[in-house]
Amino acid sequence: MRKKPLRSLSGRRDFELVFEEGISSASQHFVIYARLNDLGFDRLGLSVSKKIGAAVIRNRIRRLLKEAVRKIVGELSLNYDLVIVAKRSSKEGTLDDFVRVIRRFLFKFTRENAVISQG
RNA sequence: AGAGCAGGAGGAGUGGUCGCCCGCCGGGAUAUGCAGUCCCAGACGGGAGGAAAGUCCGAGCUCAGCAGGGCAAGGCGGUCGCCAGCAGCGACUGGGGGAAACCCCAAGGAAAGUGCCACAGAAAGGGAAACCGUCCCGGCUUUGUCGGGACAAGGGUGAAAAGGUGAGGUAAGAGCUCACCAGUUGGGGUGGCGACAUCUCAAGCUUGGUAAACCCCGCCUUGAGCAAGGUCGAAUAGGUUCCGCCUUGAGAGGGGCCCCUUCGAAUCCCUUGGAAGCCUCAGGCCGAGAGGGAGGCGGAACGGGUUGAGACCGCAUGAGUCCGGCGGCAACGCCGGGUCUUAGAUGAAUGACCACAUUACACAGAACUCGGCUUACAACCUGCUCUGACA
RNA sequence: CGGGGCGUAGCGCAGUCCGGCUAGCGCACCUGCUUUGGGAGCAGGGAGUCGGAGGUUCAAAUCCUCUCGCCCCGA
């Protein structure tokens, strides 16, 4: 079965829900927060501050992160709300870096949730 | 060949696979149907820039305000022209730099007034000022020194010291006088639309700098901004408070629920009270008025709401651009022609990977629109300068 | 979209309005004295392209224009 397309996370309420209920993981290039949802599709919120760089650099980071999440989420059956906060070093990351980190985090997160739902 | 400076031009191409935004077509759901709304994994088309940037100016557009004039505040400042307009552009004038090509200039007024000009210097703007000096007179202890006076030449100080050179003149000097030169003001001639240039006459002989100091003169400026503003809609959220006015009726029909038809169609109740009038012995008829509540309409004030109830319009063809002709030194204008014109989001779209050309690499990402200015920049093209090599 | 502020020694600030004075103050730093040694104290000293570029002026941290970076506020 093919998943419905990725949507944007919007509003302070949704973001805070992910920050409070979800779990987080920090890596060299960004911080990622995640929680499960039951909406039938995945949602992604990106926070790329103006401090990180000019518009072209910020767009580049956003698009790479979006592409990385899109690739990984297709491999998983559950639905997630994700928030990724970029760091100053994000501009040095490549797509492969992002994919590797997000995949490891999400696979681990999914495994833990599977254990909980079984137990 | 390399480097530097200035200008021009600035397209990361083609083909695949996956993905995003918009438009349109198609399919599905709701409905008798249409419209509308929602869903789609389908097809087709389109999808950042010369600076999209900085937000430094100017406009369009929208709302609010506005009789006219003045003050205040701010901006602009050679002339003529161009432009919708500008602090923009073109040509010219004047000034400055340079050997030259050429480049640069916020370029009205300091003889309206006020302020300021540190330090140094005798004196810094008062026709002022005597430090070293020059000259004259007088005293004394006579190669000198002291006192009084004249002098703006020379020295010295300073960013700047009150025209320059020569002659006359004098005790010594001085625009004190004269000639020439420079400059100022005024008059006149010639050229130019004009800024101005040039020639000439006269005057007093000379009047420092600073207005990116206050200021004066001339010209310009209403304010806020697309979160402007408009239309439609929902509600445990059609709010609260105050003021004014209104609240008379049994009932019937139609439809998509609020309108139509109709004299009347959202719409009254409780308590108190018992005016006037009428009948009347009592009393009654009638139901004004007052208070409270509820409702309707209008107005004012205050909230709630950005912590997602909004959607749509504004919102994409414009003072556009290219070609040709004509006018103009040019900026630009006029005329004709062009199957030249295609982003439009709203948690916000252009991405990823592969292949191919020796290789993909500057600055950089639309948010109401347009005209400028400024700043950033790889390879490429043009010009100039420098260095090196060869002939 | 609109408005405001800051940038001066390693750090925190003054001076800027109204131009000129050796660009100053505190902490820190260095040297010496003092002490058995350290601290404190005393004396002396070093360190500044005044964010950058250009302009006005005799003269600019200060005035004007452009520009870079940082911070804050309102709708």
In B:A331, glycosidic geometry as syn within 90° of 0 or anti otherwise = anti

Paired nucleotide for B:G13 [Watson-Crick or G-U wobble; both distances under 3.5 Å] | B:C356

When the distance from NZ of A:Lys71 to C1' of B:C353 is rounded to whole Å, what number comes out?
-> 6 Å

Complement of B:C363, any strand, by Watson-Crick or G-U distances under 3.5 angstrom = B:G49

Between B:A367 and B:A316 - C1' atom distance, rounded Å | 12 Å

How long is the line joining CZ of A:Phe98 and P of B:C353, in whole Å?
-> 12 Å

Using atom C1' of each nucleotide, how far apart are B:G372 and B:U55 to the nearest Å?
-> 13 Å

OP1 or OP2 of B:U350 sitting under 4.0 Å from any side-chain N/O of A:Arg63?
-> yes

Rounded to whole angstrom, note down the C1' distance from B:U375 over to B:G23.
-> 38 Å

A:Asp97 (side chain) donor-acceptor with A:Thr94 (main chain) under 3.5 angstrom | yes

Taking for A:Asn59 and for A:Arg62 the nucleotide of RNA chain B with the nearest heavy atom, the one nearer the 5' end belongs to A:Arg62

From A:Arg43 atom CZ to A:Asp81 atom CG, the distance as rounded to the nearest 0.5 Å | 4.0 Å

By the Watson-Crick or G-U definition, both distances under 3.5 Å, B:A235 is matched with none

For A:Ser25 and A:Tyr33, does a side-chain donor sit closer than 3.5 Å to a side-chain acceptor?
-> no

For B:G189, does the O4'-C1'-N9-C4 (purine) or O4'-C1'-N1-C2 (pyrimidine) torsion place it in syn, i.e. within 90° of 0, or in anti?
-> anti

Where A:Leu106 and A:Thr110 come nearest, the two heavy atoms and their spacing | O-OG1, 2.7 Å

Determine the Euclidean distance between corresponding P atoms of B:G26 and B:G347; express it in Å to zero decimal places.
-> 30 Å

Looking only at atom C1', what distance separates B:G299 and B:C279, rounded to whole Å?
-> 47 Å

Quick one: side chain to side chain contact (heavy atoms under 4.5 Å, CB included) partners of A:Leu65, sequence neighbours excluded?
-> A:Phe30, A:Leu46, A:Ile61, A:Ile84, A:Phe98

Just name whichever nucleotide pairs with B:G344, Watson-Crick or G-U, keeping both distances under 3.5 Å, else none.
-> none

Please state the C1' separation for the pair B:C61 and B:C315 - nearest whole angstrom.
-> 12 Å

B:G218 pairs with which nucleotide, Watson-Crick or G-U wobble, both distances below 3.5 Å?
-> B:C76

Report the base-pairing partner of B:U240 (Watson-Crick or G-U wobble, both distances below 3.5 angstrom), or none.
-> B:A301

C1' atom, B:C363 versus B:G90: distance in rounded Å?
-> 31 Å

What nucleotide, of B:G365, B:G351, B:A349, holds the atom closest to the side chain of A:Arg70?
-> B:G351

Assign B:A48 to syn or anti; the rule is syn for a glycosidic angle within 90° of 0 and anti otherwise.
-> syn

Would you classify A:Ile57 as touching base, sugar-phosphate or nothing, given that sugar-phosphate means primed atoms plus P, OP1 and OP2, and contacts are heavy atoms under 4.0 Å?
-> nothing

Using the C1' atom in both, what is the distance from B:C246 to B:G273, to the nearest Å?
-> 22 Å

Sugar-phosphate only, base, or nothing, as touched by A:Ala68 at under 4.0 Å among non-hydrogen atoms | nothing

Separation of B:A348 P from A:Arg43 CZ (nearest whole Å) | 12 Å

Taken in chain and number order and not counting sequence neighbours, the residues that satisfy salt bridge (Lys or Arg N to Asp or Glu O under 4.0 Å) with A:Arg104 are none

pair_partner(B:G173), Watson-Crick or wobble, both distances < 3.5 Å, evaluates to none

Is there a Watson-Crick or G-U wobble partner for B:U62 with both distances under 3.5 Å, and which nucleotide is it?
-> B:A224

With both pairing distances under 3.5 angstrom for Watson-Crick or G-U wobble, and | for a partner in another strand, the correct string for RNA chain C is ((((((((.[[[[.)....(...]]]].(((((.......))))).....[[[[[..)....]]]]]))))))).

Protein-nucleotide distance (A:Lys50, atom NZ; B:G365, atom C1'), rounded to Å = 13 Å

